[in-house]
Amino acid sequence: MPWAGYPKMLRMTRRSEFDAAFESPHKAKDPVLQLHARLNGLGRPRLGIVVGRKVRTAPARNRIKRLIREAFRLNREKLASGWDYLFLPRKTEKLTLAEVAASLVKLAQKAVPPAEEPPKP
RNA sequence: CAGGGUGGGCGGACGGCCGCUUCCCGAAGAGUCCGUCCCCGCUCCGCGGGGGUCCGGCCUGAGGGGGGAGGAAAGUCCGAGCUCCACAGGGCAGGGUGGUCGCUAACGGCGACCGGGGCGCUCCCGCGAGGGACGCUUCAGGGAAAGUGCCACAGAAAAUACACCGCCGACCUCGGGGGCGACUCCGGGGGGCAAGGGUGAAAAGGUGGGGUAAGAGCCCACCGCCGUCCUGGUGACAGGGCGGGCAUGGCAAACCCCACCCGGAGAAAGGCCAAAUAAGACGGCGUUUGAGGUCGGCCCGGCCGAGCCGUCGGGUAGGCCGUUGGAGGCGGCAGGCAACUGCCGUCCCAGUUUAAUGGCCGUCACCGCAGGUCCGAAGGGAUCUGCGGGACAGAACUCGGCUUACAGCCCAUCCGCACGU
RNA sequence: GCGGCUGUAGCUCAACGGCAGAGCGCCACGUUGCCAACGUGGAUACUGCGGGUUCAAGCCCCGCCAGUCGCU
């Protein structure tokens with residue numbers, strides 16, 4: 001069983017990090033999610049989530065974030081290290097973990113060019 | 001019985017796997033950062049350099065243990081604590097509250113009481129107007145004889161009352177008739193009246209009688225109202241006696257008046273550390289004859305006070321504290337109608353910051369629908385199987401309320417043998 | 001966290017507390033061979049929602065909802 005934790009070092013926490021990810025050219029989207037990916041030079045992947053006020057209530061926003069976090073956590077093996085992954089939800093109602101996970105993996109592979117994957121330190 | 005009303009409570013449980021956050025313990029490890037220890041130098045406080053890693057702290061951390069959303073955490077509508085503004089002073093302006101008494105840290109909250117309004121196949125009294133009892137319900141409920149303003153349309157008239165239809169023909173007068181005459185009859189005018197009609201949300205007390213030409217508080221009785229005194233009550237008020245023929249329409253959630261309350265800003269408060277630009281340019285005001293500040297406006301007084309304001313240009317926007325033990329929860333006893341309070345015992349119960357408290361699965365319980373079986377006279381109930389469902393909503397300094405949202409369940413009480421079956 | 005403003009016909013806006021209106025748009029008819037323009041007539045609103053005050057509320061008061069703009 002691979003270690004599937006989600007500590008703070010795997011999260012994006014700065015305003016500047018989010019702004020940089022939005023400026024990145026590596027983008028992909030499908031009906032469920034939208035992804036902005038960016039090289040972070042840290043040798044590990046990091047996750048950022050933005051759920052707008054369009055989703056009215058706080059519990060609904062939390063639900064979306066939790067599902068995306070869970071999908072990220074369980075599928076980290078399939079993601080390229082050294083990248084920041086900023087996700088935005090496009091579908092906001094009746095989400096399931098399975099569809100979020102499928103979308104997340106697919107978009108990550110689509111947005112990140114395999115050649116640019118940095119060597120492990 | 002179903003189904004409702006009112007008040008109160010709960011807001012799924014258990015297990016498996018994988019995670020998040022915080023606190024504590026901590027095998028072991030590393031750096032040589034700080035303290036400490038040793039040596040050396042300098043002008044003996046101290047400072048600088050070198051070294052050791054025994055001890056303490058910091059750092060990393062296998063593993064173990066404890067805690068981890070709500071009744072509304074929400075809206076931000078009130079009230080406080082707390083922090084800063086030197087103290088939080090006076091007046092104006094502004095805002096808020098509004099029956100009384102109490103509770104409270106405080107409140108626009110809560111409790112009890114008082115007083116209005118509305119409703120009743122209800123009851124009692126009265127010829128009647130109406131009064132009383134009971135039950136339910138509702139009220140932002142100070143002041144309208146300080147002032148100002150408004151009251152559309154309709155209507156004759158809307159607050160100095162008034163006279164369209166109408167009623168009267170006592171008094172004055174004109175015309176006509178009858179009678180010898182005293183006088184009398186008819187019609188009109190001046191005039192008298194406000195009972196009836198009609199309008200309106202509202203028509204200037206009401207009912208019954210007397211009275212009159214007709215009428216009218218004109219007079220009387222009762223009901224209502226006003227004034228005054230007495231009694232009871234802390235009080236709002238209540239009850240009673242006496243007096244007055246009745247004045248005082250409504251609106252203050254219109255301006256306003258009265259009483260009481262309110263200094264401002266808010267944890268992005270505020271404090272500390274680190275990092276970074278620059279001692280930037282131009283313009284204006286000012287240094288004891290005082291700029292500016294004292295986070296809403298004006299004035300006065302007091303205080304601080306040498307810088308302040310505008311435009312352009314540039315830099316940083318990271319960490320720690322505040323930050324969770326409190327008007328605190330639970331239980332018992334006592335006081336009070338109650339809100340609530342006192343005493344004793346006991347418990348420690350989130351502390352995040354792109355923001356934790358979760359994800360998936362299973363079992364049970366719950367609810368709805370469909371079908372079967374059983375019980376009952378029936379409405380229904382019990383049980384089994386299958387399918388579906390699980391609300392409103394996420395702490396962000398902390399409390400007390402208010403308001404709003406909410407699947408389903410439980411308890412108490414009331415309506416309901418029926419106008420649902 | 002603190003504060004302001006707005007909500008009325010399909011759209012943009014009016015309305016001393018007294019019967020909710022204007023412009024554009026829409027519909028019908030006329031005009032034209034047809035269309036546009038023009039002319040005539042007409043429809044369209046539980047004034048965001050729920051209460052209250054008042055004889056009477058779009059307007060006054062209270063509570064919600066939605067939108068929008070600021071400050072730090």
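From a predicted model like this one, the values you see are computed outputs, not experimental measurements. Proteins get letters first, then strands, A, B, ... in listed order; numbering begins at 1 in each.
An anti base is found at B/A236: its glycosidic angle is more than 90° from 0. Under the 90° criterion around 0 for the glycosidic angle, C/C29 counts as anti. Taking the syn range as angles within 90° of 0, the glycosidic angle of B/C110 is outside it, so the base is anti. Nucleotide B/U324 carries a syn base; the chi torsion (O4'-C1'-N9-C4 or O4'-C1'-N1-C2) is within 90° of 0. Nucleotide B/G71 is shown with a syn base, its glycosidic torsion being within 90° of 0.
In terms of heavy-atom proximity, A/Ala111 sits nearest to A/Leu35 at CB-CD2, 3.8 Å. Scanning all heavy atoms of the two residues, the minimum distance from A/Val100 to A/Leu95 falls at CG2-CD2, 4.1 Å. A pairwise comparison of heavy atoms in A/Arg61 and A/Arg56 identifies NH1-O, 3.0 Å as the closest pair.
Of the inter-residue distances, the one linking A/Met12 atom CE with A/Asp84 atom CG reads 4.5 Å to the nearest 0.5 angstrom. The distance from atom NE2 of A/His26 to atom CG of A/Leu39, rounded to the nearest 0.5 Å, is 6.5 Å.
When the C1' atom of B/U352 is taken as reference, atom NZ of A/Lys65 falls 12 Å away, rounded to whole Å. A/Glu70 has its CD atom 12 Å from the P atom of B/G358, to the nearest Å. As a whole-Å value, the separation of A/Leu88 CG from B/U354 P is 17 Å. Nucleotide B/A355 holds its P atom 15 Å from the CD1 atom of A/Ile64, rounded to whole Å. Protein atom CG of A/Leu10 is 10 Å distant from nucleotide atom P of B/C20, rounded to whole Å. Rounded to an integer number of Å, the gap from A/Arg61 CZ to B/G358 C1' is 17 Å. Following rounding to the nearest Å, A/Arg76 (CZ) and B/C20 (C1') show an atom-to-atom distance of 15 Å. With rounding to whole Å, A/Phe22 atom CZ is found 15 Å from B/U354 atom P.
For the C1' atoms, the distance linking B/C295 with B/G263 amounts to 12 Å, nearest Å. Comparing B/U212 with B/G118, their C1' atoms sit 43 Å apart, to the nearest whole Å. Atom name P, nucleotides B/G390 and B/A395: the rounded distance is 23 Å, in whole Å. Here, B/A93 and B/C312 have their C1' atoms 40 Å apart, quoted to the whole Å. Using atom C1' as the reference point in both B/G296 and B/G290, the two lie 26 Å apart (nearest Å). With C1' as the reference atom, B/G179 and B/C186 are 16 Å apart, rounded to whole Å. Taking atom P on both B/A204 and B/G196, the two are 10 Å apart, rounded to the nearest angstrom. B/C20 and B/A356 have their C1' atoms separated by 6 Å, with the value rounded to a whole Å.
Of the nucleotides present, B/U403 is the one that pairs with B/A74 by Watson-Crick or G-U wobble criteria, both distances under 3.5 Å. Base pairing of B/C134: its partner is B/G120, meeting the Watson-Crick or G-U wobble criterion (both donor-acceptor distances under 3.5 Å). For B/U83, the paired base is B/A265 (Watson-Crick or G-U wobble, both distances below 3.5 Å). Pairing partner, B/C101: B/G111, with both Watson-Crick or wobble hydrogen-bond distances short of 3.5 Å. Pairing for B/A204 is absent, with no Watson-Crick or G-U wobble pair whose two atom distances lie under 3.5 Å. Under the Watson-Crick or G-U wobble criterion, with both distances below 3.5 Å, B/A252 has no partner in any strand shown. In this structure, B/C364 and B/G12 make a Watson-Crick or G-U wobble pair, each of the two defining distances being under 3.5 angstrom. When Watson-Crick and G-U wobble pairs are counted only if both distances are under 3.5 Å, B/A170 pairs with no nucleotide at all.
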Check nucleotides 390-394 of chain B against the protein and report each pair of N or O atoms closer than 3.5 Å, with its distance, or say if there are none.
unit_1, atom_1, unit_2, atom_2, d
B/G394, OP2, A/Ala58, N, 3.0
B/G394, N7, A/Asn62, ND2, 2.7
B/G394, O6, A/Arg66, NH1, 2.9

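Between A/Leu33 and A/Asp30, some side-chain heavy-atom pair lies under the 4.5 Å cut-off. A/Val51 places none of its side-chain heavy atoms less than 4.5 Å from the side chain of A/Thr92. Annotation: side chain of A/Tyr85 is in contact with side chain of A/Val112 (closest heavy-atom distance under 4.5 Å). Contact annotation: the side chain of A/Leu104 approaches that of A/Leu79 to within less than 4.5 Å [non-hydrogen atoms, C-beta and beyond]. Side-chain contact check for A/Arg66 versus A/Arg69: some heavy-atom pair is nearer than 4.5 Å. The side-chain heavy atoms of A/Leu10 and A/Leu47, taken from C-beta on, include no pair separated by under 4.5 Å.
Taken together, the paired segments of RNA chain C that extend over three or more consecutive Watson-Crick or G-U pairs, each closer than 3.5 Å at both contacts, are C:1-7 with C:65-71, C:10-13 with C:21-24, C:26-30 with C:38-42, C:48-52 with C:60-64.
On a pure distance criterion of 3.5 Å, no polar donor-acceptor pair joins the side chain of A/Arg69 and the base of B/C20.
Residue A/Arg63 is classed as a sugar-phosphate contact, given heavy-atom separations below 4.0 Å to backbone atoms only.
Nearest nucleotide to the side chain of A/Leu67, out of B/C20, B/G359, B/G19: B/G359. Nearest to the side-chain atoms of A/Leu97 among the listed nucleotides B/G19, B/C360, B/U21 stands B/C360.
The 5' end of RNA chain B is approached more closely, in terms of each residue's nearest nucleotide, by A/Val50 than by the other of A/Leu95 and A/Val50.
By the side-chain contact (heavy atoms from CB on, under 4.5 Å) test, A/Gln34 is found to be paired with A/Lys29, A/His36, A/Leu88, A/Arg90, residues two or more places apart in sequence or in another chain being considered.
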